4 protein chains.
Amino acid sequence: MTEKTRRRRDPEERRAEILAAAFALFSERGFAATRIEDVAARAGIAKGTVYLHFPDKEALFTSLASGMASPLLARMAEMANNDRIPPKSVIAGLYAMADSEILGTDRRHMLRLLISEGQFFPVVAEFYHRNVLSVGLALLRRVLERAAERGELRNPKVAEVPQLVFAPVLMSIIWKSLFEPYEHLDTKTVFATFLETLFLPSEGEAS
Amino acid sequence: MTEKTRRRRDPEERRAEILAAAFALFSERGFAATRIEDVAARAGIAKGTVYLHFPDKEALFTSLASGMASPLLARMAEMANNDRIPPKSVIAGLYAMADSEILGTDRRHMLRLLISEGQFFPVVAEFYHRNVLSVGLALLRRVLERAAERGELRNPKVAEVPQLVFAPVLMSIIWKSLFEPYEHLDTKTVFATFLETLFLPSEGEAS
Amino acid sequence: MTEKTRRRRDPEERRAEILAAAFALFSERGFAATRIEDVAARAGIAKGTVYLHFPDKEALFTSLASGMASPLLARMAEMANNDRIPPKSVIAGLYAMADSEILGTDRRHMLRLLISEGQFFPVVAEFYHRNVLSVGLALLRRVLERAAERGELRNPKVAEVPQLVFAPVLMSIIWKSLFEPYEHLDTKTVFATFLETLFLPSEGEAS
Amino acid sequence: MTEKTRRRRDPEERRAEILAAAFALFSERGFAATRIEDVAARAGIAKGTVYLHFPDKEALFTSLASGMASPLLARMAEMANNDRIPPKSVIAGLYAMADSEILGTDRRHMLRLLISEGQFFPVVAEFYHRNVLSVGLALLRRVLERAAERGELRNPKVAEVPQLVFAPVLMSIIWKSLFEPYEHLDTKTVFATFLETLFLPSEGEAS
DNA sequence: CATGAATGAGTCTTCATTCAT
DNA sequence: TATGAATGAAGACTCATTCAT
């Protein structure tokens, strides 16, 4: 009875396990170099079983990519929409979150993967634009406009190019992926410096 | 006359043609999805001929990657080392160059490719770190320090994190690759805004 | 009914079928000239299936070579170890067995293949030395020493060079492979004559 | 003038150089694994030049095989036809020659190659049968018959199976090729022992 | 549902042979 | 004659996908 307890799990759970395995392998080796068989092995199931949950290899990638963003985005939105938090603190919080939740985890590999493969998966790119970027940029724009109104931005025009806010995040992901072995990048300093470049010092802060 | 002049070209020229073909296809489809046979076809030669010039597919990529950076870097260095040009103009010039020479051309695809595949080609990553990044960052640091001394930076600490300078370039490349079809990004505005965020307005400039 | 029973056979059986196909083709054409695809076709399976059972072409050869010797060797050992059989009869029996079981069958092709390719498959050569030759020579030496003690050998020193015993077998294999179409070799006479050269006539035998 | 002395050599000499190179490489690696380009390189010429002297790779092999036997055979014939030399000495001389001229040199590789590939080159096999084996066996038969008449053979019937005489030579070639690294074979002892098995001790010889 | 043996299209790479120079 | 760049057929091996069990 304990023998075959592994079979016939909850479908949703099984699906999640497969995605987790795919995530690990895509992160490590990239899309092309990951074999379905390895994903299956890592998920502890047989090759064919993967196909019971996903029509093909691409679906594995698109599912993964789509499912990855939402949780984090929600938390970010929550923070950004809280008008009682000062804009600078919001952005600081977002950077802290990016640092610990993305750069500090395997998620950064997935983001790199998105950067790498996204172009060849229009479904994914469009999904991200619609559900992540549009939303995220709107949030940022709102926060930055609030900051501009309060006279906290060194250059108020930044509010019109909110993409600049996540440029350092992308740069850090790329650096970590490619060059960290050769030269360490201290992302906390990156974000802190950038924050101080965007925002004037708060009152009571030493320059 | 041009018909059968195909045989026995200058080796250097032939090599360049192959690289050009590989560049086009890698840019368009990525490394894994490009077949040597397609590279050959595009170069107007037979499959086997590619192997007379490059030992394998990887070599094609590494050659390409290595050969791509130097020319541009040299021009950038020249500009950055000219102390008679004010720092802000130097950075403005670099952004202009990035905009026209990278973002405005196919080279941006190659850069994306580097971001994507670099991790799996340590030779390339190390080459870039040593020959491009180290050099480029040193240049930027020098320019930024000069700016700091002259009191032109909004946040002098930026001189210690010169990577921030090219963060918007990377962001733009990624945006163009993935999201441009869905939402246009005006890179000139991106760079202009960022420049104004880094630097205080010059005298005589309107904010 | 036999039509589509092709899928999912007993792995051991499938393995044996592949080896049988490989045996036939290697025998006929040699190692280099045999294509995996042909082996598959002959076994009635797809190319890829071969690779489910053997890691590569070499493994096919080494498996084949290794698996080929034991059965016969065992029977020979049994005969040679039976001290109640007079030495001359033992050797006669071995020759009879070689004649009918090797020279008279496709196995002789395999032996030729071993002679041909063995040098390039050290694994195989060592395997044969350890498991076939060492054992076989020890047996022969024992039999010959017994014969020498009983004064049955024309030249007792032969016991010290038991390799001489199988020299005619190798010669016959080579002859059959290369020259039989041009000139028949009667192996029974070869072995009989050699036997009479090694051994003195038994009592009661006419010279 | 010394510059291009290498070009335009005597065709016969050039041909010989190519054959020598082919011999070395075929011996070392076998027929399939030897590339024409390597033969050319070893002969110090360009790939295409080989084709000015031999129509294809096979011709290289057949030429080589055909040209290899004659010189040695001639010397053997000379010895065998000298009726003043006692038969036993003739055979002893032949073994000595085989030992020093074949087993002791690279020629043994070529003989192994003949054994290996001969089957797939009927031209070669037939050539050898007609020009080497027929001749050689006739010589041996004659010598053995002379020995039989003189009552020097332990088993006079050997004269009817002269192939037995070269069986130990083949065995030694095969042993050296495959098993020498694992166990040394002393060919002098092999031949001496076999000689004493074929022939009765000469008068004045100790057994 | 789950399995994993089987499939075969797809790709890299090699190398005998040709032929313009 | 000699060269060696160019060719392209050939073959080993991979892996996404299917499907009988």
Side-chain angles (χ1 to χ4, degrees), chain A residues 4 6-11 14 32-41 44-58 60, chain B residues 4-11 14 32-40 43-58 60, chain C residues 4-11 14 32-41 43-58 60, chain D residues 4 6-11 14 32-41 44-60:
Chain A
K4 297 212 167 180
R6 258 192 6 246
R7 297 191 175 196
R8 297 216 187 199
R9 304 201 40 156
D10 171 46
R14 181 50 59 85
T34 296
R35 300 180 311 152
I36 289 283
E37 186 156 13
D38 294 337
V39 172
I45 58 177
K47 207 182 339 174
T49 307
V50 174
Y51 286 89
L52 297 176
H53 297 268
F54 299 89
D56 56 23
K57 200 184 171 188
E58 274 201 31
L60 217 47
Chain B
K4 287 222 165 176
T5 317
R6 264 192 358 234
R7 279 183 174 240
R8 200 163 293 227
R9 305 205 37 158
D10 173 47
R14 183 46 59 86
T34 297
R35 298 181 310 143
I36 287 282
E37 189 156 14
D38 295 337
V39 173
I45 58 179
K47 206 182 342 171
T49 306
V50 175
Y51 287 92
L52 296 178
H53 297 268
F54 300 90
D56 56 23
K57 203 183 169 188
E58 272 201 31
L60 217 48
Chain C
K4 288 220 165 178
T5 315
R6 262 189 3 230
R7 277 182 176 241
R8 200 162 293 229
R9 304 208 36 160
D10 172 47
R14 185 43 62 87
T34 297
R35 298 181 311 144
I36 288 283
E37 190 156 13
D38 294 338
V39 172
I45 58 180
K47 204 185 344 171
T49 307
V50 175
Y51 288 91
L52 296 177
H53 297 269
F54 299 90
D56 55 22
K57 202 183 169 189
E58 272 200 33
L60 216 48
Chain D
K4 295 211 167 177
R6 255 190 12 245
R7 296 190 177 195
R8 299 217 185 198
R9 303 200 42 158
D10 172 46
R14 182 50 59 84
T34 296
R35 299 180 313 153
I36 289 283
E37 187 156 13
D38 294 338
V39 172
I45 58 178
K47 210 184 335 176
T49 308
V50 174
Y51 286 89
L52 298 175
H53 296 269
F54 300 90
D56 57 22
K57 200 184 172 188
E58 273 200 33
L60 218 47

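All figures in this text were calculated on a predicted structure; none of them were measured in a lab. In what follows, chains are A, B, ... by sequence order, proteins preceding strands, each numbered from 1.
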Take atom [atom1] of [X] and atom [atom2] of [N], then tell me their distance rounded to the nearest Å.
X: D:K57; N: F:dA9; atom1: NZ; atom2: P; result: 19 Å
X: A:D38; N: E:dG4; atom1: CG; atom2: P; result: 15 Å
X: D:L60; N: E:dC15; atom1: CG; atom2: P; result: 16 Å
X: A:F54; N: E:dA2; atom1: CZ; atom2: P; result: 13 Å
X: C:E37; N: F:dA12; atom1: CD; atom2: C1'; result: 10 Å
X: B:E58; N: E:dT11; atom1: CD; atom2: P; result: 18 Å
X: D:R35; N: E:dT13; atom1: CZ; atom2: C1'; result: 12 Å
X: B:Y51; N: E:dC15; atom1: OH; atom2: C1'; result: 13 Å

Can you name the nearest heavy-atom pair linking D:H53 to D:T49, along with the distance?
->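 Here D:H53 and D:T49 meet closest at CD2-O, 3.2 Å.
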Distance-minimising heavy-atom pair for C:D56 and C:Y51 |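 Looks like CA-CE2, 4.2 Å.
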Presence of [X] side-chain N/O under 4.0 Å of [N] phosphate oxygens OP1/OP2:
X: A:R14; N: E:dC1; result: no
X: C:H53; N: E:dA5; result: no
X: A:T49; N: E:dT3; result: yes

When all nucleic acid strands are considered with a 4.0 Å heavy-atom cut-off, which category describes A:P11: base, sugar-phosphate, or nothing?
->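 The answer is sugar-phosphate, as A:P11 gets under 4.0 Å only of primed atoms, P, OP1 or OP2.
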Base, sugar-phosphate, or nothing for C:I36, non-hydrogen atoms under 4.0 angstrom?
->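 Sugar-phosphate only.
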Check whether the side chain of B:K47 and the base of E:dT13 form a donor-acceptor pair under 3.5 Å.
->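 Indeed, a donor on one side and an acceptor on the other fall under 3.5 Å apart.
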By nearest-heavy-atom nucleotide on DNA chain F, the more 5' of B:G48 and A:P55 is B:G48
Result for 5'-nearest mapping on DNA chain F, choosing between C:T34 and B:L52, is B:L52
When you measure from the side chain of C:K57 to the backbone N and O of C:T34, does any donor-acceptor pair fall under 3.5 Å?
->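 Yes: the side chain of C:K57 pairs with the backbone of C:T34.
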